[in-house]
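Heads up: the structure comes next, in C-alpha cells.
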2 protein chains.
Amino acid sequence: MNDSSIIDAPEAEEPTSLYQRILNDIRGQIVSGAWPPGYRIPFEHELTVQYDCSRMTVNKALSQLANSGLIERRRRSGSFVRAPRGQAAVLEITDIRNEVDALGLPYSYTLSSRQERRSRLADAQLLGPQCPKKLLEMTCLHYAGQLAFCLEQRLISLDAVPDAVDESFQDLAPGPWLIRRVPWSTAEHRIRSEAAKPPVSTGLNVADGTPCLIVERRTWSADEPVTFARFNYPGELHSLVARFKPD
Amino acid sequence: MNDSSIIDAPEAEEPTSLYQRILNDIRGQIVSGAWPPGYRIPFEHELTVQYDCSRMTVNKALSQLANSGLIERRRRSGSFVRAPRGQAAVLEITDIRNEVDALGLPYSYTLSSRQERRSRLADAQLLGPQCPKKLLEMTCLHYAGQLAFCLEQRLISLDAVPDAVDESFQDLAPGPWLIRRVPWSTAEHRIRSEAAKPPVSTGLNVADGTPCLIVERRTWSADEPVTFARFNYPGELHSLVARFKPD
DNA sequence: TGTGTCAATATGTATAGACATAAGAGAAAG
DNA sequence: CTTTCTCTTATGTCTATACATATTGACACA
C-alpha cells in the first residue's frame, strides 16, 4: 500500500517571452529566498529600464504574480513579497473509474439503494441552509476487480436536478452522470478518517472499526445546492495526492 | 464531531473593471452550461465590437481564462471551452498551531525524540531518489488542551538545511521553523487513513487500531529534497477542507 | 491524386501614450 | 499640535498600433 516510489522532484522550464522571463526571474528571487517576505520589488519603472521594455510588459508579469498571491501591490508604495503564504496545494479530483483504472484493475459499479423522498432536518446539516425540498438518496458501490473499492452515499437535489428522477443509475454512477449534465460553480471537500460502522462496514464487507478515508463533497451551482456525496474508502489502499504548484 | 454547521454557499462579487466584467461574463456562460465544452467563444474581434473596447482589453480577459484552464486558445481557429476539467480543489495547509487555535483550544508542543544520523535505504523511499546523506529525525507532539492532537514524524535534510543541527526544537516545532528559514518551491501531500500502531498509538495515547488521518508532506527547494513530514491525526476530530475556486 | 506554396486569419506579444485612483509626504490652516 | 489640503508618485486600466507566429484553406503544379 505504501507505494511511495512515485516521488520525483519537479523541473523548471525555459521562458519563451519577455514577460514570462521577467515573471520567472522575480519568482525565482522569491522562492529562492533572496527576496524575503516584505521585500520591496523594484518599481515597474526600474524594471522597464532593467529589461529595456515598456511598462505594460512589466505590468503583465507583476499582475500575474499579484493575483497568484506571491506578491502584494500597493499604490504609491510599490510591490512587496507576501508573507509566507498559507501553503496551498491543489487536489485533483477525478472520477472513481479513473482511480481504479490507474491501479490497473477492472472497474465495476453497482447501485445498492435508491430512494426519492422529501428532505429531512438531517439533510440540511449536509446540504446547507438552502436545503432543497425533494431529494434523491442513493448508495453505490465501486469495485476494483473483486475488491470493494469505495462506498458512495449520495444525495441529489431534485429541485436543482429534476431530470434525475428519470435516471435509474443502475449502470452509470451519479458522479459522471451529474458532471456532464449539471454545471457546477463551487465545490467543497472535507476529508477525514473514520472507523467503519454499519451500514458502511457491511456494504464494503470489512470488519467494524476498519479505518476508512472519508471524502465528503458538496457542490453548488449558482448558490443553489446540487449534490452531496460521501465516499468511503476502506483500509489503506487509497490515498489522495495534492501538489503545490506555484502560479 | 460532525460539525457540519459551517456550510455556506459562496457569493458572487461585482466586477470593477471592463476586462474583469468580460472575464466574469464569459466564465458565467461556461459554468452555467450555456457554453458547453467545445463551444467556440466569440473571436477577440467580435468581443471588441460587443464591449466597444480595444483588443488588448479582451485579450487580457481571455488570457486569464486560458491560463486558468477554463478555455483553450488555438491560433487561427479561435478560443474554445475546455472539456469538463478534472475538478481541482485547493487545499489550504496551515500550521498546526493555527488549526488548534481555530478550535478555540490552547496549543502546546513537545519534542519527543531528536536524532541526527546518516540516511538509510528506507529514507530514500520517503525523500526520493536524490536522498541526502545526513538527516535529522524527530518525533513531536502537538496538543490541543490536554488532548494529543497530532503526532508529527519529521525528517529534515541536513544537506539542504545544515543550520538545523544548531536548533533544539524543544520549544519551536519544525514546521514553523522551516517555513521562515527555508524557501520552498514545491510540496506534495499524500492523504490517507490508517489504523494506529505503536509507536504512533502509544505516542498519541490511543488504542491500537484507532483510525488516523495521515498527511504526508514532501518539500523540495530547487529540486533538492528539504523535508518529509508525516502528521498523524487520531480519531475523527480533525478534517481537512478543500475548496474549489474558479480561477 | 497527392503535394507544395501562398495568402488569409486569429492569436501572442510588445509599444508608447493616456487618464484614473490610492496613498503617502509635506505644506497650510485651524 | 492636529486637521486639512495639495502635490507627487506608483499602480490600475485602457487604447491604437505593430509585428510575429501558427494554422487553415485554396490554388497551382507535378
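Owing to the predicted nature of the structure, the values given are computational and were not obtained by experimental measurement. Reminder, nothing fancy here: chain letters follow the sequence lines and each chain counts from 1.
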### Separation of atom NE2 in His45(B) from atom P in dA8(C), rounded to whole Å
17 Å
### Query
Can you tell me if Tyr51(B) uses its side chain to pair, donor with acceptor, with the backbone of Thr57(B) under 3.5 Å?
no
### Query
Does any N or O in the side chain of Ser221(B) come within less than 3.5 Å of the main-chain N or O of Glu224(B), such that one atom is a donor and the other an acceptor?
no
### Phe43(A) backbone acceptor or donor facing Glu46(A) side chain under 3.5 Å
yes
Report, one pair per line, the protein and nucleotides 21-23 of chain D atoms (nitrogen or oxygen only) whose separation is under 3.5 Å.
from: dT21(D); atom 1: O2; to: Arg75(B); atom 2: NE; distance (Å): 2.9

#### Entry: Short side-chain N/O contact from Ser79(B) to OP1 or OP2 of dA10(C), under 4.0 Å
no
### Task
For side chain to side chain contact (heavy atoms under 4.5 Å, CB included), just list the numbers for Phe80(A) and Arg73(A), CA-CA rounded to whole Å, side-chain angles, deciding distance to a tenth of an Å, and then say yes or no.
CA-CA 6 Å; Phe80(A) 299 83; Arg73(A) 315 199 70 190; over 6 Å; no
### Query
Can you name the one residue among His189(B), Glu216(B), Arg154(B), Gln153(B) that meets side-chain contact (heavy atoms from CB on, under 4.5 Å) with Phe231(B)?
Arg154(B)
### Task
Taking Ser79(A) for its side chain and Ile41(A) for its backbone only, find out whether a donor-acceptor pair lies under 3.5 Å.
no
### Summary
Here the distance between atom P of dT9(D) and atom CZ of Arg73(A), to the nearest Å, is 18 Å
### Query
Once you round it to whole Å, what is the distance between C1' of dT11(D) and CD1 of Ile71(A)?
11 Å
### Query
Does the ring center of Tyr109(B) lie less than 6.0 Å from the ring center of His142(B)?
yes
Would you list the protein and nucleotides 13-18 of chain D atom pairs, both N or O, that sit under 3.5 Å from each other?
from: dT13(D); atom 1: O4; to: Arg55(A); atom 2: NH2; distance (Å): 3.0
from: dC14(D); atom 1: OP1; to: Leu18(B); atom 2: N; distance (Å): 2.4
from: dC14(D); atom 1: OP2; to: Tyr19(B); atom 2: N; distance (Å): 3.4
from: dT15(D); atom 1: OP2; to: Ser54(B); atom 2: N; distance (Å): 2.8
from: dT15(D); atom 1: OP2; to: Ser54(B); atom 2: OG; distance (Å): 3.1
from: dT15(D); atom 1: OP2; to: Thr57(B); atom 2: OG1; distance (Å): 2.6
from: dA18(D); atom 1: N6; to: Arg55(B); atom 2: NH2; distance (Å): 3.4

### Donor-acceptor contact below 3.5 Å, side chain Asp159(B) vs main chain Lys133(B)
yes
### Arg218(A) side chain vs Leu126(A) backbone, donor-acceptor pair below 3.5 Å
yes
### Message
Using modelled atom types and a 3.5 Å cut-off, is there a donor and acceptor pairing between side-chain atoms of Thr219(B) and backbone atoms of Val226(B)?
### Response
no
### Message
Using whole Å, what does the distance between atom P of nucleotide dG12(C) and atom CD of Glu72(B) come to?
### Response
11 Å
### Task
Give, for atom CZ of Phe169(A) and atom CD1 of Ile156(A), the distance between the pair rounded to the nearest 0.5 Å.
4.0 Å
### Message
Does anything in residues 35-44 of chain A come within less than 4.0 Å of DNA chain C? Heavy atoms only, and list the residues if so.
### Response
none
